[in-house]
Amino acid sequence: RAKAAGGSRTWFFDDALRTELSAQAELEDAVRAGLGAGQFCLHYQPVVDLGSGCTTGFEALIRWQRPGHGPVRPDDFIPVAERSDLICDVGRWVLGEAAGQLARWRAEGTVGLDVRVAVNLSGRHLAQATLVADVAQALAVSGLPASALIVEATETVALDSTAVLPNLHALRDLGVGLSLDDYGTGYTSIEQFRTLPLDTLKIDRSFLASEAPQDEALVGLMVHAAHTFGLGVVAEGVERPEQVALLRSLGCDRAQGYLFSRPVPAGEVGALLGRGAVGV
Ligand code: C2E
Ligand code: MG
Ligand code: MG
Ligand code: MG
């Protein structure tokens, strides 16, 4: 391509592209090695029932302590891992770790038997032939019932594709919960609520962060649409008490955000719950 176009600017672009690609390949190798070396951990953020103020579950969010780099945010390495089946290795590790952790919390009495854990799985993993076995394996090893696990699928993925949809139905048959993450930013039409085996809609935090009265109305519409199809609703990114009052008035079921707690290391969850109803 560079030869056909000619000229130094094209060559410069080509070099920049090559540098970028090798940086991505290096990052990918580092994620792969880091998985084997135990450099990843999960932090847990409570999901709070807006009626009772009780914690109904936790979302597991991946953290990477990359040697020589300090903490790396998921937004900086998940997209690279998603370029290959490496993301499925990440997903399998997350499933095993989160299920194991919840099983330990249950056994120790840190959490009640109604508390669930939600994991984020990438669209590429949701489309894999191994997906259902990967989930079943995490349940079997941890001894956790399927009903204690929720899989979060981000809305940027076509969930009705021929590779993904049967997997989602198989997860539902297992008894695993399914949440549609970052709702309102992607492609899922309300019509698809009818066909996708979803339990919960998670309203993207951009709608909460906005001051525009239209966005307040949109949140109300999303809650209404979800309830029409029998889905529960979680609002993401709740940072201020006024947002709780608003969400309650709009009939939203649950919420998650810095107001209640930031995602915390597993070791801090006991203390978090000991504090009682977080922030409501
Ligand atoms: P997400 O699944 O939508 O997770 C919510 C993100 O919002 C988290 O960022 C969380 O820390 C952040 N957050 C929670 N409450 C608030 C708030 O009140 N205000 C603001 N400004 N932010 C809040 P995080 O942990 O950096 O994760 C970013 C994204 O990376 C996640 O978005 C998810 O898409 C992805 N991700 C995280 N962990 C995993 C994982 O284990 N596997 C995969 N495939 N993706 C993951
Ligand atoms: Mg999520
Ligand atoms: Mg989200
Ligand atoms: Mg997100």
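Residue numbers run from 1 in the order of the sequence given. Atoms within a ligand are numbered from 1 in the order they appear, just like the ligands themselves. Heavy atoms only: backbone and side chains are in, while hydrogens, waters and symmetry mates are out.
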Using a strict 4.0 Å threshold on nitrogen-to-oxygen distance, state whether Arg116 and Glu152 make a salt bridge. no
What atom name does the N, O or S atom of Asp182 nearest to the Mg ion (ligand 3) carry? OD1
Check if Lys202 has a non-hydrogen atom at a distance under 4.0 Å from any atom of ligand 1. no
Would you say CD of Glu239 has more than 12 non-hydrogen atoms from neighbouring residues, nucleotides or ligands within 6.0 angstrom? yes
Tell me which N, O or S atom of Glu152 sits nearest to the Mg ion (ligand 2). OE1
Which atoms of ligand 1 are found less than 4.0 Å from any heavy atom of Tyr258? 13 (N), 14 (C), 15 (N), 16 (C), 17 (C), 18 (O), 19 (N), 20 (C), 21 (N), 22 (N), 23 (C)
Which N, O or S atom name in Glu59 marks its closest approach to the Mg ion (ligand 2)? OE2
Report yes if some N/O of Glu82 lies less than 3.5 Å from some N/O of ligand 1; otherwise report no. no
Considering the heavy atoms of Pro263, write down every atom of ligand 1 situated less than 4.0 Å from one of them. 11 (O)
Check whether any side-chain heavy atom of Thr56 sits under 4.5 Å from a side-chain heavy atom of Asp253, and report yes or no. no
Check the angle between the aromatic planes of Phe58 and Trp105 and answer parallel, tilted or perpendicular using the 30° and 60° thresholds. tilted
Would you mind telling me if ligand 1 is within reach of the side chain of Arg262, the backbone, both or neither, using heavy atoms under 4.0 Å? neither
State the atoms of ligand 1, each with its element, that fall below the 4.0 Å cut-off from a heavy-atom position in Glu239. 17 (C), 18 (O), 19 (N), 20 (C), 21 (N)
Does a side-chain heavy-atom distance below 4.5 Å link Pro263 with Arg63? yes
Under a 3.5 Å distance rule, please check whether Arg124 uses its side chain to pair with a backbone N or O of Arg83 as donor and acceptor. yes
Please answer whether the main-chain N or O of Ser52 pairs with a side-chain N or O of Asp49 as donor and acceptor at a distance below 3.5 Å. yes
Decide, counting backbone as well as side-chain atoms, whether Asn120 has an N, O or S atom less than 2.8 Å from the Mg ion (ligand 2). yes
Asp181: its N/O/S atom lying closest to the Mg ion (ligand 2) (atom name): OD2
Nearest heavy atom to atom 5 (C) of ligand 1: which of Arg124, Glu236, Glu152 does it belong to? Glu236
Decide whether the shortest distance between a heavy atom of Gln256 and an atom of ligand 1 is less than 4.0 Å. no
Which of the numbered atoms in ligand 1 are below 4.0 angstrom from a heavy atom of Asp181? 1 (P), 2 (O), 3 (O)
Residue part near ligand 1, for Val119, under 4.0 Å between non-hydrogen atoms: neither
Examine the proximity of ligand 1 to Ile78 and report which part, side chain or backbone, both or neither, has a heavy atom under 4.0 Å away. side chain
Between Glu108 and Thr110, is there a side-chain donor-acceptor contact under 3.5 Å, judged purely by atom types and distance? yes
Under 4.0 Å from a heavy atom of Gly237: give me the atoms of ligand 1 that qualify, with their elements. 16 (C), 17 (C), 18 (O)
I'd like to check which ligand 1 atoms, numbered from 1 as shown, lie under 4.0 Å from a non-hydrogen atom of Arg73. 26 (O)
When you compare ligand 1 with Val94, is there at least one nitrogen or oxygen pair between them that comes in under 3.5 angstrom? no
Between Asn120 and Glu59, do the side chains contain an N or O donor and an N or O acceptor separated by less than 3.5 Å? yes
Against heavy atoms of Gln45, which atoms of ligand 1 measure under 4.0 Å? 14 (C), 15 (N)
Close approach of Val238 to ligand 1, heavy atoms, under 4.0 angstrom: yes
Side-chain donor-acceptor pair present, Gln24, Glu28, cut-off under 3.5 Å: no
Has Gln137 got more than 12 heavy atoms of other residues, nucleotides or ligands less than 6.0 Å from its CD? no
If we number the atoms of ligand 1 from 1 as shown, the ones under 4.0 Å from a heavy atom of Arg63 are 11 (O), 24 (P), 25 (O)
